[in-house]
Amino acid sequence: RSKYVVSGSDDSRIFIWNTASGKIERVLEVKDPIVDIVVPHPKQPILVSTGRDGVTIWEPNDGEQSEWRNVSNKLTAIIENNNKTRSGGSRRVMTH
């Protein structure tokens with residue numbers, strides 16, 4: 001069972017809910033006016049959100065999920081590294 005549930009909204013926010021208490025743990029402010037979909041990574045503290053402006057990737061600034069940042073600018077490097085490892089390079093697990 002997951003400790004958190006995430007949801008998007010039509011007011012430029014992502015909500016992270018605690019499943020045990022039912023309370024909101026964090027609210028992320030986004031640039032997009034509507035957040036259509038929010039999907040958590042199954043093992044890492046990473047979220048992906050979509051809206052009118054496209055896809056945004058989020059990760060904690062401090063590793064403790066108290067501050068989150070947009071890391072979409074890392075996506076190109078992650079894809080390039082994944083492609084390199086698929087074509088016979090060193091095997092490293094990367095999240096995307």
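Basis for what follows: all heavy atoms, side chains included, without hydrogens, waters or symmetry-related copies. Only a predicted model underlies this, so the values are computations on that prediction, with no experimental measurement involved.
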Main-chain N/O of [Y] paired to [X] side chain as donor or acceptor, under 3.5 Å:
X: Asp32; Y: Val35; value: no
X: Ser12; Y: Lys31; value: no
X: Thr50; Y: Gly54; value: no

[atom1]-[atom2] distance between [X] and [Y], expressed to the nearest 0.5 angstrom:
X: Ser7; Y: Ile37; atom1: OG; atom2: CD1; result: 13.0 Å
X: Ser49; Y: Arg13; atom1: OG; atom2: CZ; result: 14.5 Å
X: Phe15; Y: Arg26; atom1: CZ; atom2: CZ; result: 14.0 Å

Work out which heavy atom in Gln44 is nearest to a heavy atom in His41; give both atom names and the distance. N-ND1, 2.9 Å

Verdict with supporting geometry, Trp58 and Ile46, side-chain contact (heavy atoms from CB on, under 4.5 Å): CA-CA 6 Å; Trp58 303 86; Ile46 296 172; over 6 Å; no

Please examine the side chains of Arg52 and Ile34, heavy atoms only from C-beta on, and report whether any two atoms are closer than 4.5 Å. yes

Is there side-chain contact between Val30 and Thr56, with at least one heavy-atom pair below 4.5 Å? no

Please test Glu25 against Tyr4 for side-chain contact (heavy atoms from CB on, under 4.5 Å), starting from the C-alpha separation and ending with a verdict. CA-CA 9 Å; Glu25 293 266 328; Tyr4 300 102; 3.7 Å; yes

Identify whether Leu47 and Val5 are in the same connected component of the hydrophobic contact network (ILVMFWY, side-chain heavy atoms under 4.5 Å). no

